[in-house]
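This report concerns only the one structure given below.
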Number of protein chains: 2
Amino acid sequence: MSDRRQISMAVVRRLPKYHRYLLELISNDVDRISSKELSEKIGFTASQIRQDLNNFGDFGQQGYGYNVKELYNQIGNILGLNETYNTIIIGAGNIGQAIANYSNFSKLGFTNQAIFDKNPKLIGLKIRDIAILDVEFLEDYLKKNNIDIGILCTPREQAQEITDTLVKNGVTAIWNFAPIDLQVPDNVVIENVHLSESLLTLTYRLNEPKLLHDIKK
Amino acid sequence: MSDRRQISMAVVRRLPKYHRYLLELISNDVDRISSKELSEKIGFTASQIRQDLNNFGDFGQQGYGYNVKELYNQIGNILGLNETYNTIIIGAGNIGQAIANYSNFSKLGFTNQAIFDKNPKLIGLKIRDIAILDVEFLEDYLKKNNIDIGILCTPREQAQEITDTLVKNGVTAIWNFAPIDLQVPDNVVIENVHLSESLLTLTYRLNEPKLLHDIKK
DNA sequence: TAGATTGTTAATCGATTAACAATC
DNA sequence: TAGATTGTTAATCGATTAACAATC
C-alpha cells in the first residue's frame, strides 16, 4: 500500500535518452527490440536497460523483447508527456529569448505563456507573438494564471528573488539557467542548466592528460 | 612515473561548483575556510570536499583549513583556466546566437572567433562584431586557424557531419547542443547540453509522486 | 517444443561517508 | 603547547553488471 521508494537520478537522467532512441527506432520502422540490441545502439548495458525499465513496470516479453512503440509511449508517460505544461520565462536576455524561440519544446507539450523582464527597452517587444511583460506584474500574473514551470533566465542577482515569487505563488518546478543554487522548499523541483560549469568540465578534460601527468604523487 | 588514473566524472562535475563558491567567498572577503564551513555552504560533505581536493594536491593546512584565494586559483588551474581558448560556433540559430552574445564566457578566457551557418539569410549578419560565415568555408577556416573548442548548435541532422569536419581538422573538444550522441575518436572530448532531456527530467520529477503511487507492485 | 529474452536476485564495482592519526 | 583541521585509510552505501530461473 505504501509508495515505492524514489528512483535514483542516475536512472531518471537516462529516461529521456531511451525516449529519444525509441523515437528514432519508430521513424526507422523498427517494431521490436531486445535489451541487447538497444544496448548496442544506446551504449548502456543490456542489464542496465532491463533494470532501469523494471523500476516502472514489466514492459517486455520473454523471448520477444520490447515493442518499440509501446515502450516509447510508456516512457513518455513516465516522463509526464501525457500531460501538457504551461511555462513562463523570466529574463528576456540571450538565453531567455533563445528558449522562447525554440519550437521543439511545444512539440513535447510545453506552451510558453509569457515572458518577463525588467528592462524597459525589452518590455512590449514580441517574441513569437508573445509580448515581453514587466516583471513587476509577475506576481499578479501568477495569481491569475496556472503555470507549471518557471524558466529562470535572469542574471544571478535577481534569480533568488524571482524564485521566491514563483514558489510563493504556487510554481513547483523551475528550470534554472542562472548560475546560482536556488533555495526552495522540498516540494519544489529544480533542474539546473549551468552552462559555464558545463563548459568548464570540457576544458578540464581537454587538459586532464597533462594535469594528471604533472601532479603524479 | 606512470600517470595517475583518471578522475571520475562525479568529481569533475563538482569542480566548477567549488570554483564558483570560492569566487563568491573572495568577493565576500573571506580569507580562509575549512572543509566543514564550505560543506555547509556548498552542500557536499566535508569529507567529500577533502577527498575531491586531494585528488589534485594538498591544498589545505592542518588546523587552518584552506586559503580561499589560493584554492580558487588552484581549481582554476585544474579546470584549465590558466589557458585561453579559441572557440567557433556552428549554427547561428537561437542557441548559437545566444551563446555568441553571452559575454560571461570571455571573462573565463574563451574567445569566440567565428560563427558559421548555411542559411544565406544569416550569412554576413554580425553578432558582436563577428560576421556569420558560410559553413561551406568551415574546413578551410579550420586549416588556417587554431581552434580549441567547437560549439555545435546546428540541428540534429547536420551535427554528425559538422563534427566529422571539426575532428578531421584537429578540433579535440566539442560543446554539443544538438540532440544527438556524436561519434568521435577517443582523443576528442564532448560535453553535451541536451536541453530537451534536461527539461524532461523536470517533468518526470514533477509527476514522480503520483507515478510511483500508481505503479506500486 | 526449443530458442530467445525477460525480470530479478546475487555479485561486483565504484563513490561517498566516517574515522582518526598526522601535523600545522 | 593545545586545539583545530587536514590528508588518508577503512567502512558503508548505492549503482552497475552478471547470472540464471521463469516464461513467452
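Just so it is clear: chains get the letters A, B, ... in the order the sequence lines come, proteins before strands, and each one is counted from 1. Given the structure is predicted, the values throughout are model-derived calculations rather than measurements.
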Practice prompt. Grab the CG-P distance between B:Asp58 and C:dA22 for me, whole Å please.
Written response: 16 Å

Worksheet item: Under 4.0 Å between a side-chain N or O of A:Thr45 and OP1 or OP2 of D:dT17?
Response: yes

Worksheet item: Given atom CG of B:Asn54 and atom P of D:dG7, what is their separation to the nearest angstrom?
Response: 4 Å

Worksheet entry | Check: B:Tyr141 ring centre within less than 6.0 Å of B:Phe116 ring centre | yes

Discussion item. Pick the closest DNA chain C nucleotide for B:Gly63 and for A:Phe59 by heavy atoms, then say which residue is nearer the 5' end.
Written reply: A:Phe59

Fill in: Out of D:dA15, D:dC24, D:dT6, whichever nucleotide has its closest atom nearest the side chain of A:Gln61
D:dC24

Discussion item. Determine whether the aromatic ring centres of residues B:Tyr85 and B:Trp175 are separated by less than 6.0 angstrom.
Written reply: no

Worksheet item: Do we see a donor-acceptor contact under 3.5 Å between the side chains of A:Glu70 and A:Tyr66?
Response: no

Fill in: Sugar-phosphate only, base, or nothing, as touched by B:Ser47 at under 4.0 Å among non-hydrogen atoms
base

Response to the item:
In whole angstroms, the gap separating C1' of C:dT16 from CD1 of B:Ile49 amounts to 13 Å

Practice prompt. Starting from P on D:dG14, measure out to CE on A:Met9 and report it in whole angstrom.
Written response: 16 Å

Worksheet, complete the sentence: To the nearest angstrom, the CD-P distance between A:Gln51 and C:dT5 comes to 19 Å

Worksheet item: Any side-chain donor-acceptor pair under 3.5 Å between B:Asn101 and B:Gln97?
Response: no

Worksheet item: Is there a Watson-Crick or G-U wobble partner for D:dA22 with both distances under 3.5 Å, and if so, which one is it?
Response: C:dT5

Item to complete: Give one of base, sugar-phosphate or nothing for B:Tyr66, where a contact means two heavy atoms less than 4.0 Å apart.
Response: sugar-phosphate

Discussion item. Pairing check on D:dC13: which nucleotide meets the Watson-Crick or G-U wobble criteria with it, both distances under 3.5 Å?
Written reply: C:dG14

Item to complete: Would you tell me if any nitrogen or oxygen in the side chain of B:Arg14 comes within less than 4.0 Å of OP1 or OP2 on C:dT16?
Response: yes

Response to the item:
Rounded to whole Å, the OH-P distance (B:Tyr64 to D:dG7) equals 13 Å

Worksheet item: NZ of B:Lys36 versus P of D:dT6: gap in Å, rounded?
Response: 10 Å

Discussion item. Under 4.0 Å from OP1 or OP2 of D:dT6: is there any side-chain N or O of B:Arg50 that close?
Written reply: yes

Worksheet item: Do A:Tyr21 and B:Asp181 get their side chains close enough for a donor-acceptor pair, meaning under 3.5 Å?
Response: yes

Worksheet item: Could you state the CZ-P distance from B:Phe56 to D:dG7, rounded to the nearest angstrom?
Response: 14 Å

Worksheet item: Within the pair B:Gln48 and C:dT16, is there a side-chain N or O less than 4.0 Å away from OP1 or OP2?
Response: yes

